[in-house]
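Below is one structure, written out as structure tokens; the observations come after it.
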Amino acid sequence: MTCASLSKHYAVIGNPIEHSRSPFIHELFAQQTGQALRYDKIKAPLDDFPGVVAAFFAEGGCGLNVTVPFKEAAFVLAQAHLSARATLAGAVNTLWMEQGQLHGCNTDGLGLLHDLERLGHAPANKKILLVGAGGAARGVVFPLLDGGCAQLHIVNRTAQRAHQLHQHVISHMPPLASRLSAGGLADAAGSWDIVINATSSSLGQTPPDLPAGLYGPQALAYDMVYGQQPTPFMQQAEKQGAHDTADGLGMLVGQAAASFAIWHGVTPNVEPVLHALRQHLRSA
Ligand code: NAP
């Protein structure tokens, strides 16, 4: 996608937005790939996301990253031109204008897949437990199945939401049904190769209330939340015998790289930007 504007303007839009690292990441990608651009943070009022998006593009804006709580609203706005990933996720984190039409994609799953590969835990043939059924979980279910995992079990505090997500995916892709299941947190029991925490529980300093004994030999515990210290979920997993633990900073940089590739037609190198962001977080 090429943007016709002379001054290429991008932004991340959410509410709250102060915490967002997206400008840091995209500015480093731009330096790395020789793109001239401006990347801002936009805090949209909760009751006027469509109005702010319309004004941004009317003023010549080229692309938006969308974060909490607007990913589902972005899906509705771009519903005439959605990527398959966005359709399966029911949520959009990347918007752009093409021939006067708003387009949407969801790159969260690509970011996660890239990070799992970087960590030496590519999903192919793995048994994966996905904890959570909110927007973040919706974005990664299809990419994990598409990545060839042997089994994907979704569990959520509100079990009904896990069942709804399960139904949503198999109604779009019936052949995936044999590898996908769902339940409440208590139904998580098993021996898993990868356990992904896609809940926001770590933000409240508590891990999700999962049964013990989830980690198979060589297992990875992955928390989509990230921070200066290992998250409560990572700490719990380490105590319970997970071989490896990781936070979601690599996923964040990976999803940004996939958005950058859509907008600029060039895929940046994730590794140096991830390193710089980790250093930046540690010194903050
Ligand atoms: P969301 O739509 O608000 O969903 C929140 C999820 O967390 C729901 O499944 C909710 O369960 C669950 N939850 C919240 N508190 C819990 C607790 N104490 N115990 C167990 N489950 C709990 O949020 P989201 O958009 O999915 O985001 C989830 C997290 O992923 C956020 O922290 C976000 O920052 C992070 N994330 C990271 C990346 C990245 O690139 N690293 C990308 C996307 C999201 P109920 O349904 O029962 O309420």
Side-chain angles (χ1 to χ4, degrees), residues 12-25 41-46 49 65-74 89-93 106-109 111-112 115-116 119 128-141 144 154-162 164-165 184-186 188 194-212 214-215 220-240 242 244-256 274 277-284:
V12 57
I13 182 167
N15 186 341
I17 201 63
E18 296 73 23
H19 65 287
S20 174
R21 310 288 174 187
S22 292
F24 182 95
I25 297 169
K41 296 178 194 177
I42 300 176
K43 183 175 175 182
L46 294 174
F49 173 74
N65 282 129
V66 182
T67 188
V68 177
F70 298 127
K71 290 183 186 180
E72 285 82 6
V92 157
N93 76 339
N106 189 314
T107 65
D108 282 339
L112 176 66
D115 208 32
L116 293 178
L119 294 163
I128 302 179
L129 176 68
L130 178 64
V131 187
R138 293 178 76 93
V140 302
V141 169
L144 288 169
I154 309 165
V155 294
N156 194 47
R157 182 175 62 180
T158 310
Q160 190 195 4
R161 287 186 81 194
Q164 283 167 350
L165 177 52
L185 294 183
I194 303 175
V195 180
I196 299 169
N197 182 23
T199 78
S200 44
S201 68
S202 288
L203 299 177
Q205 297 305 317
T206 51
D209 187 15
L210 291 165
L214 297 176
Y215 297 96
L220 168 70
Y222 190 97
D223 198 340
M224 287 194 189
V225 171
Y226 52 83
Q228 288 175 317
Q229 308 293 334
T231 66
F233 171 74
M234 291 163 68
Q235 292 172 31
Q236 180 197 55
E238 204 168 306
K239 282 190 202 132
Q240 294 186 359
D244 296 324
T245 60
D247 73 7
L249 201 66
M251 174 178 171
L252 178 77
V253 180
Q255 61 79 26
L274 176 56
L277 184 57
R278 184 71 72 191
Q279 296 293 109
H280 180 74
L281 274 187
R282 284 191 182 130
S283 64

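Only this structure's heavy atoms are used, side chains among them; waters, hydrogens and symmetry mates stay out. Quick note: residue numbers are just sequence positions, from 1.
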### Query
Among all residues two or more places apart in sequence or in another chain, which pass the side-chain hydrogen bond (donor to acceptor under 3.5 Å, both in side chains) test with Thr107?
Asn93, Ser259

### Message
My understanding is that only residues two or more places apart in sequence, or in another chain, count here; which of them pass side-chain hydrogen bond (donor to acceptor under 3.5 Å, both in side chains) with Arg157?
### Response
none

### Query
If you take all heavy atoms of Gln240 and Pro211, which pair is closest and at what distance?
OE1-O, 4.2 Å

### Message
Under a 3.5 Å distance rule, please check whether Ser201 uses its side chain to pair with a backbone N or O of Thr206 as donor and acceptor.
### Response
yes

### Task
Nearest 0.5 Å please: distance from the CD1 atom of Ile13 over to the NZ atom of Lys71.
13.5 Å

### Under the side chain to side chain contact (heavy atoms under 4.5 Å, CB included) test, residues paired with Glu18 that sit two or more places apart
Pro16, Lys43

### Query
Are the side chains of Glu238 and Gln235 in touch, meaning some heavy atoms are under 4.5 Å apart?
no

### Summary
One should read off an interatomic distance between Ile25 CD1 and Leu274 CG, to the nearest 0.5 angstrom, of 9.0 Å

### Query
With a 4.5 Å limit on heavy-atom distance, are the side chains of Phe233 and Thr199 in contact?
no

Enumerate donor-acceptor pairs with a distance under 3.5 Å from any side-chain N or O in residues 244-252 to protein atoms, sequence neighbours excluded.
unit_1 : atom_1 : unit_2 : atom_2 : d
Asp244 : OD2    : His121 : NE2    : 2.6
Asp247 : OD1    : Leu249 : N      : 3.2
Asp247 : OD1    : Arg278 : NH2    : 2.8
Asp247 : OD2    : Arg278 : NH1    : 2.9

### Query
Taking the side chain from Asn156 and the backbone from Arg161, do they hold a donor-acceptor pair closer than 3.5 Å?
no

### Task
Could you grab the distance from atom CD1 of Ile154 to atom CD of Gln164, nearest 0.5 Å is fine?
11.5 Å

### Task
Would you check if the side chain of Asp108 reaches a backbone N or O of Ala136 as a donor-acceptor pair within less than 3.5 Å?
no

### Message
Measuring only between side-chain heavy atoms, which start at C-beta, is Arg21 closer than 4.5 Å to His280?
### Response
yes

### Message
Using every non-hydrogen atom in the two residues, find where Gly14 and Thr67 come nearest and quote the distance to one decimal.
### Response
CA-CG2, 3.8 Å

### Message
A side-chain contact here means heavy atoms from C-beta on lying under 4.5 Å apart; do Pro45 and Asn15 qualify?
### Response
no

### Message
Please check this pair: side chain of Gln205 against backbone of Pro232, looking for a donor-acceptor N/O pair closer than 3.5 Å.
### Response
no

### Query
ring pair (Phe, Tyr, Trp, His ring centres under 6.0 Å) with Tyr215: which residues, sequence neighbours excluded?
none

### Task
Indicate yes or no: at least one non-hydrogen side-chain atom of Ile194 is less than 4.5 angstrom from one of Leu144.
no

### Query
For residues Ser22 and Asn65, is any side-chain donor paired with an opposing acceptor at under 3.5 Å?
no

### Query
Going through the distances and angles, do Val140 and Leu130 end up as a side chain to side chain contact (heavy atoms under 4.5 Å, CB included)?
CA-CA 9 Å; Val140 302; Leu130 178 64; 4.0 Å; yes

#### Entry: For the student: nearest non-hydrogen atoms of Ala89 and Gly139, plus distance
CB-CA, 3.8 Å

### Task
Determine whether Ile42 and Ile17 make a side-chain contact, defined as any pair of heavy atoms from C-beta on separated by less than 4.5 Å.
no

### Summary
Minimal heavy-atom distance between Leu116 and Tyr222, with the atoms involved, is CD2-CD1, 4.1 Å

### Task
Compare every heavy atom of Pro208 with every heavy atom of Asn197, then report the nearest pair and how far apart it is.
OD1-CG, 3.7 Å

### Summary
Sorted by chain and residue number, the ring pair (Phe, Tyr, Trp, His ring centres under 6.0 Å) partners of Tyr226 (sequence neighbours excluded) come out as none

### Task
Determine the minimum heavy-atom distance between Ala91 and Asn106, stating which atoms define it.
O-ND2, 3.0 Å

